[in-house]
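This one's a predicted model, so the numbers in the text were calculated from it and none came from an experiment. Throughout, numbering of the chain's residues begins at 1 and tracks the sequence.
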Amino acid sequence: MGWAIALHGGAGDIPKDMPPELREPREASLRYCLQTAVDALKAQKSPLDVVEIVVRELENNPYFNAGRGSVLTSNGTVEMEACIMDGNTKNCGAVSGLTTVVNAISLARLVMEKTPHIYLAFEGAEAFAREQGVETTDSSHFITPRNIERLKQAKEANKVQVDYNTRPIPKDDKTPAPSGDSQLGTVGCVAVDSFGHLAAATSTGGLVNKMVGRIGDTPVIGAGTYANKLCAVSATGQGEAIIRATVARDVAALMEYKGLSLKEAADYVIEESAPKGTTGLIAVSATGEVTMPFNTTGMFRACATEDGHTELAIW
């Protein structure tokens, strides 16, 4: 048994010809966050603290679809959502429809720790954020030129765009498809300490050109985020598919009821349950195992374990 950490920056149809200026900042962020997590675990911080720290960092990076980089709704607004869960107690907190909160994951933790509820959304969540004194800012802070252009492309194609999936259709043969600049990803982190305590956290801006009020898999316990005494899971990809497949909970259920290993359970969910091309996940077990399977073209991901194994990959 030993500590382990894994994090992701989204899964989907990530083009292998993504320009270095778009790929490298995301890789650098994952590398930095991985080292931050390792240092925190070595300093005996709790897994719950570690996953919150990592996801906050990823939310602050405009290259990912969470926090600062959140994609825009059909109205050109942001509606951010996040979830955090403690595997030891199954305590959890979730938020949706945030428009001014700088770090949605920290508000989700406050919902878990400061209210009798699990899930707050929209005006109620915003009011709670003000009551708790968490950092907020004008909603224009989240509306980046990159995401304005991405929404414009999605509207011209008359479609909703999912994380890295479904690149906008060109208006005509003379308009080239984007080479990855508009392809952003949900973020997540899972961790286990040397005592086998587990935690998971996920944060996202949702879908490009999504309907106002749409809620995805990220804040849904058992779909995009789940942790218990056996494992911690954070999923990414097409939210509707992940909700239908109850991706995160199914990994835990296969371990609990079928006695499968973490890898066996995660592989089954990705290969047999979630539709091909829709889903990726990261997971750690109470015994320090790590797995990061996906059935999409790629997934920005990284992990490290106490025995010295480290990995950072996309495809």
Heavy atoms of N88 and D86 approach each other most closely as N-OD1, 3.0 Å
Residues at least two apart in sequence or cross-chain that pass side-chain contact (heavy atoms from CB on, under 4.5 Å) with P25, listed by chain then number, are Y63
Across all chains, not counting sequence neighbours, the salt bridge (Lys or Arg N to Asp or Glu O under 4.0 Å) partners of D39 are none
When rounded to the nearest 0.5 Å, the distance separating NZ of K114 from CG of L120 is 14.5 Å
For C83 and P219 the tightest heavy-atom approach is CB-CA, 3.7 Å
Grouping ILVMFWY residues whenever side-chain heavy atoms fall under 4.5 Å, the cluster of V284 otherwise contains V190, V192, L198, I282, V290, M292, F294, M299
Output for pair (W315 CH2, I14 CD1), nearest 0.5 Å, gives 7.0 Å
With a 4.0 Å cut-off, would you call E256 and R249 a salt bridge?
yes
* Asked: Can you get from M18 to V187 by hopping between Ile, Leu, Val, Met, Phe, Trp and Tyr side chains that sit under 4.5 Å apart?
  -> yes
Between T204 and E81, is there a side-chain donor-acceptor contact under 3.5 Å, judged purely by atom types and distance? no
*Hey, are T297 and D13 close enough side-chain-wise for a donor-acceptor pair under 3.5 Å?*
yes
* **Side chain N147, main chain G69, donor-acceptor under 3.5 Å** => yes
TODO: Side-chain contact test, heavy atoms from C-beta onward, threshold under 4.5 Å: evaluate it for T279 versus T296 and give yes or no.
DONE: no
Self-check item: Transitive ILVMFWY side-chain link Y32 to V38, under 4.5 Å
Solution: no
> In terms of hydrophobic clustering (I, L, V, M, F, W, Y; side-chain heavy atoms under 4.5 Å; direct or indirect links), are L230 and L260 co-clustered?
Replying inline: yes
When every non-hydrogen atom of I105 is compared with those of A201, the smallest separation belongs to CD1-CB, 3.7 Å
Subject >> Test item: T236 and L281 side chains (from C-beta on) under 4.5 Å apart, heavy atoms >> reply: no
message = If only side-chain N and O atoms count, and only distance matters, is there a donor-acceptor pair under 3.5 Å linking T77 with N75?
response = no
- Message: Looking at R56 and S106, would you say the former's side chain and the latter's main chain have a donor-acceptor pair under 3.5 Å?
- Response: no
Sorted by chain and residue number, the salt bridge (Lys or Arg N to Asp or Glu O under 4.0 Å) partners of E27 (sequence neighbours excluded) come out as R23
CE of M80 to CZ of R68, rounded to nearest 0.5 Å, is 11.0 Å
- Message: Using side-chain heavy atoms (C-beta onward) and a distance below 4.5 Å, is E289 in contact with C231?
- Response: no
Can you confirm whether the side chains of Q238 and T278 place a donor and an acceptor under 3.5 Å from each other? no
Rounding to 0.5 Å, atoms CG (L41) and OG1 (T36) come to a distance of 11.0 Å
Here the pair of heavy atoms bringing F142 nearest to T99 is CE1-O, 3.5 Å
For a 4.5 angstrom cut-off between non-hydrogen side-chain atoms, does T310 reach C303? no
*asked:* Test your reading of the model: is there a side-chain donor-acceptor pair from D307 to the backbone of H309, 3.5 Å cut-off?
replied: yes
Those residues at least two apart in sequence (or on a different chain) that pass salt bridge (Lys or Arg N to Asp or Glu O under 4.0 Å) with R109 are D49, E52, E113
For T100, the side-chain contact (heavy atoms from CB on, under 4.5 Å) test, sequence neighbours excluded, returns E126, T136
Here the pair of heavy atoms bringing T305 nearest to A4 is CG2-CB, 4.0 Å
Can you confirm whether more than 12 heavy atoms, excluding those of E21, are under 6.0 Å from its CD atom?
yes
Practice problem: Taking the side chain as every heavy atom from C-beta outward, state whether V95 and Y119 have any pair of such atoms under 4.5 Å apart. | Solution: no
Rounded to the nearest 0.5 Å, the OG atom of S139 sits from the CG atom of L98 at a distance of 12.0 Å
query = Do you see a donor-acceptor pair shorter than 3.5 Å between the side chains of D138 and S140?
reply = yes
Minimal heavy-atom distance between Q44 and F195, with the atoms involved, is OE1-CE1, 4.2 Å
field: Charged N-O contact under 4.0 Å between E240 and R244
entry: no
Is a donor from one side chain sitting under 3.5 angstrom from an acceptor on the other, for N209 and N158? no
**Study point:** Distance-only side-chain donor-acceptor flag, S234 / H8, under 3.5 Å
**Key:** yes
Open item on the list: Within the structure provided, determine whether V233 and T225 are in side-chain contact (heavy-atom separation under 4.5 Å).
Closed with: no
> Same cluster or not: are I270 and M255 linked, directly or through other Ile, Leu, Val, Met, Phe, Trp or Tyr residues, by side-chain heavy atoms under 4.5 angstrom apart?
Replying inline: yes
When you compare the side chain of D217 with that of V247, does any pair of heavy atoms fall below 4.5 Å?
no
Quiz prompt | N65 (side chain) donor-acceptor with G205 (main chain) under 3.5 angstrom | solution = yes
**Request:** Please confirm whether the backbone N or O of V71 pairs with a side-chain atom of K210, one donor and one acceptor, at under 3.5 Å?
**Result:** no
A side-chain contact here means heavy atoms from C-beta on lying under 4.5 Å apart; do L207 and R214 qualify?
yes
Exceeds 12 heavy-atom contacts within 6.0 angstrom, atom NZ of K155
yes
